[in-house]
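This report refers to the structure that appears directly beneath it.
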Amino acid sequence: MADRLLDAMTRAAARLYGGEAVSELEHALQCAELARDAGADEDLQLACLLHDVGRYAVDPSLVLDNTEPMRAGPHARGHHEVGAELIAPWVSERVAWCVRVHADAKRYLCTTEPGYVGRLSSASRHTLRLQGGVMTAAEVARLAVHPWLRDAVALRRWDDGAKVAGRATRPLSAWAPLIRHCFDR
Ligand SMILES: [Fe+2]
């Protein structure tokens with residue numbers, strides 16, 4: 001599994017991240033590095049590194065909020081759900097949960113933080129619609145009491161910040177030991 005994942009991430013260097021100016025791989029590396037620089041623990045760094053795995057490591061017909069939604073099959077779901085399910089057998093429940101809710105964290109911030117939606121990139125605003133739009137008050141109240149909400153919101157902010165063209169990061173190989181530690185079990 002570690003080899004498959006590292007291979008998919010390597011190939012993700014050739015894919016643009018949605019409508020952004022970085023590749024899927026650059027986006028993952030920037031997100032993980034922002035978490036690391038902020039002092040996040042290893043599990044949260046791993047969640048950041050893999051949060052979009054559902055965008056590039058699974059069959060696109062299973063994914064609803066693709067950049068090419070016409071490729072989505074009849075049973076397609078959001079990339080966050082498909083990605084979380086892919087990694088869940090190997091990672092902690094907290095890591096899988098943070099990956100699963102990273103679209104909901106965006107929906108949550110749209111409702112709870114004035115000005116947040118206006119700061120989203122246009123690609124991110126487009127997928128917001130596919131992901132259910134801004135949260136209702138009842139949805140916010142449900143998520144607000146979750147013990148890992150802070151982690152999900154933190155991931156979301158690093159996700160939003162991980163779209164800088166040309167930003168230097170550590171290479172994927174620097175993360176390989178962490179990936180192998182989790183996925184070669
Ligand atoms: Fe992302």
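Indexing begins at 1, ligand by ligand and atom by atom, following the structure's order.
Contact check for Tyr17 versus Lys163: side-chain heavy atoms found under the 4.5 Å cut-off. Looking at heavy atoms from C-beta onward, His51 lies in side-chain contact with His27 at the 4.5 angstrom threshold. Side-chain contact between Thr112 and Met135 is absent, with no heavy atoms from C-beta onward closer than 4.5 Å.
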Quick one: side chains of residues 36-46, donor-acceptor pairs under 3.5 Å with protein atoms, not counting sequence neighbours, listed by atom name and distance.
from: Asp41; atom 1: OD1; to: Asp43; atom 2: N; distance (Å): 3.1
from: Asp41; atom 1: OD1; to: Leu44; atom 2: N; distance (Å): 3.0
from: Asp41; atom 1: OD1; to: Arg94; atom 2: NH1; distance (Å): 3.3
from: Asp41; atom 1: OD2; to: Arg94; atom 2: NH1; distance (Å): 3.3
from: Asp41; atom 1: OD2; to: Arg94; atom 2: NH2; distance (Å): 2.8
from: Asp43; atom 1: OD2; to: Ser92; atom 2: OG; distance (Å): 2.9
from: Gln45; atom 1: NE2; to: Ala40; atom 2: O; distance (Å): 2.8

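In summary, the side chains of His80 and Asp104 do not present any donor paired with an acceptor at a separation below 3.5 Å, with no hydrogens or angles considered.
The Fe ion (ligand 1) has Tyr17 OH, His27 NE2, His51 NE2, Asp52 OD2, Asp159 OD1 as protein N, O or S atoms under 2.8 Å away.
Residue Arg55 is tested with Glu20, Glu81, Glu24 for a salt bridge (charged side-chain N to carboxylate O under 4.0 Å, His left out); the sole match is Glu24.
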